[in-house]
Amino acid sequence: MTKKIKVMLAESSLNNLKALEYQWVRALYVEGYTPQQINHYIQTCFGGDATFADLFRKVALYEEQLLVLLQYWRSQYMPVTQ
């Protein structure tokens, strides 16, 4: 059985490209952290898997569209309602 790692961010934060969380990732990038280091910090602080962290970093750095991150987040981390 695979254990899912919860994401500790609300959808409202993910939707806001000016959110502190995205600004923090941009600051790490400017300070010279590698993509792997940034992804590690994203997972450590916010949860999620490696794909989520990579997409989150890319969205923060305007390398990927927000919609791609939101679609992945919804498919992996949103509770299924019946």
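Remember, it's a predicted structure, so these values are computed and weren't measured experimentally.
- Considering only heavy atoms from C-beta on, I42 comes within 4.5 Å of I38 through its side chain.
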(request) Please step through side chain to side chain contact (heavy atoms under 4.5 Å, CB included) for the pair L9 and E21, ending with a clear verdict. (result) CA-CA 9 Å; L9 289 171; E21 294 85 358; 3.7 Å; yes
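- Taking Q71 as the reference, nothing meets the side chain to side chain donor-acceptor pair (under 3.5 Å) condition, with sequence neighbours excluded.
- For the pair Y29 and P35, the minimum side-chain heavy-atom distance is 4.5 Å or more.
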(message) As a quick check of understanding, evaluate ring-ring contact (aromatic ring centres under 6.0 Å, His included) for F52 and Y72, giving each step before the final call.
(response) CA-CA 7 Å; F52 172 82; Y72 182 77; 7.3 Å; no
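- E64 places no side-chain N or O within donor-acceptor distance of the main-chain N or O of V59, the cut-off being under 3.5 Å.
- Between L14 and L66 the shortest heavy-atom distance is O-CD1, 3.1 Å.
- Y22 pairs by the side chain to side chain donor-acceptor pair (under 3.5 Å) definition with nothing, not counting sequence neighbours.
- Considering CD of Q37 and CD of E31, their distance stands at 11.0 Å, rounded to 0.5 Å.
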(request) Go through Y41 and Y33 one step at a time and tell me if the ring-ring contact (aromatic ring centres under 6.0 Å, His included) criterion holds. (result) CA-CA 10 Å; Y41 289 129; Y33 287 83; 5.8 Å; yes
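- Put simply, the side chain of N16 never gets that close to the backbone of S12: no donor and acceptor are under 3.5 Å apart.
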(message) Could you walk me through whether R57 and E63 satisfy the salt bridge (charged side-chain N to carboxylate O under 4.0 Å, His left out) test, starting with their C-alpha distance in whole Å, then the side-chain angles of each, then the deciding distance to 0.1 Å, before giving a yes or no?
(response) CA-CA 8 Å; R57 177 184 54 80; E63 296 173 354; 3.8 Å; yes
(request) Could you check Y77 against D49 for side chain to side chain donor-acceptor pair (under 3.5 Å), going step by step and ending with a plain yes or no? (result) CA-CA 10 Å; Y77 300 104; D49 60 10; 3.2 Å; yes
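- Looking at every heavy atom in both residues, A60 comes nearest to V25 through CB-CG1, 3.6 Å.
- Under a cut-off of 6.0 angstrom, the local environment of CD in Q65 is sparse, with at most 12 non-hydrogen atoms contributed by other residues, nucleotides or ligands.
- Note that NZ of K6 and CZ of F46 are 15.0 Å apart. Values are rounded to the nearest 0.5 Å.
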